[in-house]
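What follows is a short report on a single structure.
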Amino acid sequence: MKRPLLGFATLCLLGIAAASAAVPSYIAAAIGDSARPAADKASDAARKPVELIAFTGIKPGDRVADILPGGGYFTRLFSKVVGPKGHVYAVLPETLVAKAPPEKLQPIRALVADPAYRDNTSLETRPYDSLDVGAPLDAVWISQNYHDIYGAVSVFSVDGTTGTDAAAKLDAAVFKALKPGGVFVVVDHVAKPGAGEADAHALHRIDPETVIAQAKAAGFVLESRSDVLANPQDTHDQTVFAVEIKGHTDKFALKFRKPKER
């Protein structure tokens, strides 16, 4: 009776070892980086950084634009993944810099000045229709903020421009800034099918099909999607800040690729 139990335990250990081996060493090192704030590490279980970074395909030596980086959760991780031969550009829209209270931007300003990240990380301020950082990008990432642009939410809005147009301009700028074969990854909160600007503005959600349509219109090809952040318990009719769902909303992850030149 003991032999089958030993065999089962061995298989379990082999499975765990195989799963660990499947994670690239540069991702594992980024997650384990001692310079990461404790608050970031505490968020890992919910934010699934290992799975998402693997999904993007970002690797050492890459040039990455992190649009609307917030406090820099992913900026820090990307900095360690791309390493000394790569670069991470934390991109803030001009409208946000002009309208947001200065203290809101202090965390990302502090990050790019931090000795642990400053050698390969910089802060860039750009309008939505321009993402030129002086070199072709391998990847562009935006997490939980595309809806803010599309829904013209507060400091993300551009006077005289609809949210739909602002998001379309961003997509076109991303396409232009990426090298052929580069990727554009969008992570956001799921809205009900057919939801428009009003829902993006009020609920901070967006229909993934809206993102797909806009990205395709800019020239991108949808390569893959991930449900690693999916939550079937989310009914999609509450604001993402509702106590019942905050931090556990149903989210989608989409990876688009810029076609290679022929």
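Just so it is clear, the values below take in all heavy atoms, side chains as well, and ignore hydrogens, waters and symmetry mates. Sequence positions, counted from 1, serve as the residue numbers for this chain.
In this structure, Thr95 has no side-chain hydrogen bond (donor to acceptor under 3.5 Å, both in side chains) partners at least two apart in sequence or on a different chain. Checked against salt bridge (Lys or Arg N to Asp or Glu O under 4.0 Å), Asp199 has no partners two or more places apart in sequence or in another chain. With sequence neighbours excluded, the residues that form a side chain to side chain contact (heavy atoms under 4.5 Å, CB included) with Asp138 are Asp62, Arg63, Lys179. Evaluation of the side-chain hydrogen bond (donor to acceptor under 3.5 Å, both in side chains) rule for Lys246 yields no partner, not counting sequence neighbours. With sequence neighbours left out, Lys258 forms a side chain to side chain contact (heavy atoms under 4.5 Å, CB included) with Phe175, Leu178, Phe220. Shown here are the side chain to side chain contact (heavy atoms under 4.5 Å, CB included) partners of Thr164, two or more places apart in sequence or in another chain: Tyr150, Thr162, Glu197, Gln214. For His204, the ring pair (Phe, Tyr, Trp, His ring centres under 6.0 Å) criterion is met by His147, Phe241, not counting sequence neighbours. For the side chain to side chain contact (heavy atoms under 4.5 Å, CB included) test, residues two or more places apart in sequence or in another chain that qualify with Pro101 are Glu103, Lys104. The side-chain hydrogen bond (donor to acceptor under 3.5 Å, both in side chains) test applied to His87 returns Ser122, not counting sequence neighbours. Lys255 is linked by a side-chain hydrogen bond (donor to acceptor under 3.5 Å, both in side chains) to Glu223, counting only residues two or more places apart in sequence or in another chain.
Two different hydrophobic clusters hold Val82 and Val133 under the rule that ILVMFWY side chains link at heavy-atom gaps under 4.5 Å. Cluster annotation: Leu137 and Val64 are assigned to distinct hydrophobic clusters (Ile/Leu/Val/Met/Phe/Trp/Tyr, side-chain heavy-atom contacts under 4.5 Å, transitive). Under a hydrophobic clustering in which Ile, Leu, Val, Met, Phe, Trp and Tyr are joined whenever their side-chain heavy atoms come within less than 4.5 Å, directly or via other members, Val185 and Phe252 fall into different clusters. Ile142 and Leu229 sit in two unconnected hydrophobic clusters of ILVMFWY residues. Membership requires side-chain heavy atoms under 4.5 Å apart, directly or through other members. The same ILVMFWY cluster, assembled from side-chain heavy atoms under 4.5 Å apart, contains both Tyr26 and Ile58.
For Lys99, the NZ atom is densely surrounded, since the number of other residues' heavy atoms within 6.0 Å is greater than 12.
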Review point. Given the rule in the side chain to side chain contact (heavy atoms under 4.5 Å, CB included) test, do His248 and Asp234 qualify, once you have shown the distances and angles that lead to the verdict?
Key: CA-CA 8 Å; His248 303 284; Asp234 184 356; over 6 Å; no
Practice item. For Ile149 and Leu170, run side chain to side chain contact (heavy atoms under 4.5 Å, CB included): C-alpha distance rounded to whole Å, both residues' side-chain angles, the deciding distance at 0.1 Å, then the answer. Key: CA-CA 9 Å; Ile149 301 170; Leu170 172 65; 3.6 Å; yes
Practice item. Dump the intermediate steps for side chain to side chain contact (heavy atoms under 4.5 Å, CB included) on Tyr89 and Leu131, then the final yes or no. Key: CA-CA 10 Å; Tyr89 304 89; Leu131 197 58; over 6 Å; no
Check your understanding: Stepwise, does the side chain to side chain contact (heavy atoms under 4.5 Å, CB included) test hold for Glu244 with Gln233?
Key -> CA-CA 11 Å; Glu244 302 91 330; Gln233 304 292 317; over 6 Å; no
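A side-chain donor from one of Asp237 and Thr235 sits under 3.5 Å from a side-chain acceptor of the other. Side-chain contact annotation: Asn120 with Ser79, donor-acceptor N/O pair under 3.5 Å present.
With rounding to the nearest 0.5 Å, the separation of CG in Leu92 from CG in Leu123 is 5.0 Å. Expressed to the nearest 0.5 Å, how far CZ of Phe256 lies from CZ of Arg225 amounts to 8.5 Å. Remark: Arg36 CZ to Arg76 CZ distance equals 8.5 Å, nearest 0.5 Å. Distance check: Arg205 CZ to Thr210 OG1 gives 14.0 Å after rounding to the nearest 0.5 Å. Expressed to the nearest 0.5 Å, how far CD1 of Ile206 lies from CG of Asp188 amounts to 6.5 Å. Atom NE2 of His189 is separated from atom CG of Asn231 by 12.5 Å, given to the nearest 0.5 angstrom.
The two residues Ala90 and Thr75 have their closest heavy-atom pair at CB-CG2, 4.3 Å. Across Asp40 and Asp44, no two heavy atoms sit closer than the pair O-OD1, 3.1 Å. The shortest heavy-atom contact between Phe55 and Ala253 is CZ-O, 3.8 Å. Across every non-hydrogen atom of Ala200 and Gly151, the tightest pair is CB-CA, 3.7 Å. Pro69 and Val91 make their closest contact through CD-O, 3.5 Å (heavy atoms, listed as atom of the first residue, atom of the second, distance). Contact record, Ala195 with Ala191: CB-CB, 3.7 Å, taken as the closest heavy-atom pair.
For the pair Asp119 and Pro84, the minimum side-chain heavy-atom distance is 4.5 Å or more. Taking 4.5 Å as the limit, every side-chain heavy atom of Leu68 sits out of range of all side-chain heavy atoms of Asp148.
With hydrogens and angles ignored, the 3.5 Å screen pairs a side-chain donor or acceptor of Ser157 with a backbone N or O of Ser154. Within the 3.5 Å criterion, the main-chain N or O of Ala39 finds a donor-acceptor partner in the side chain of Ser43.
Screening residues 119-142 for ring pair (Phe, Tyr, Trp, His ring centres under 6.0 Å), with sequence neighbours left out, gives Phe74-Trp141, Phe78-Trp141.
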What donor-acceptor contacts under 3.5 angstrom involve side-chain atoms of residues 108-117, with partners at least two apart or in another chain?
from: Asp114; atom 1: OD1; to: Ala116; atom 2: N; distance (Å): 2.9
from: Tyr117; atom 1: OH; to: Asp33; atom 2: OD2; distance (Å): 2.9

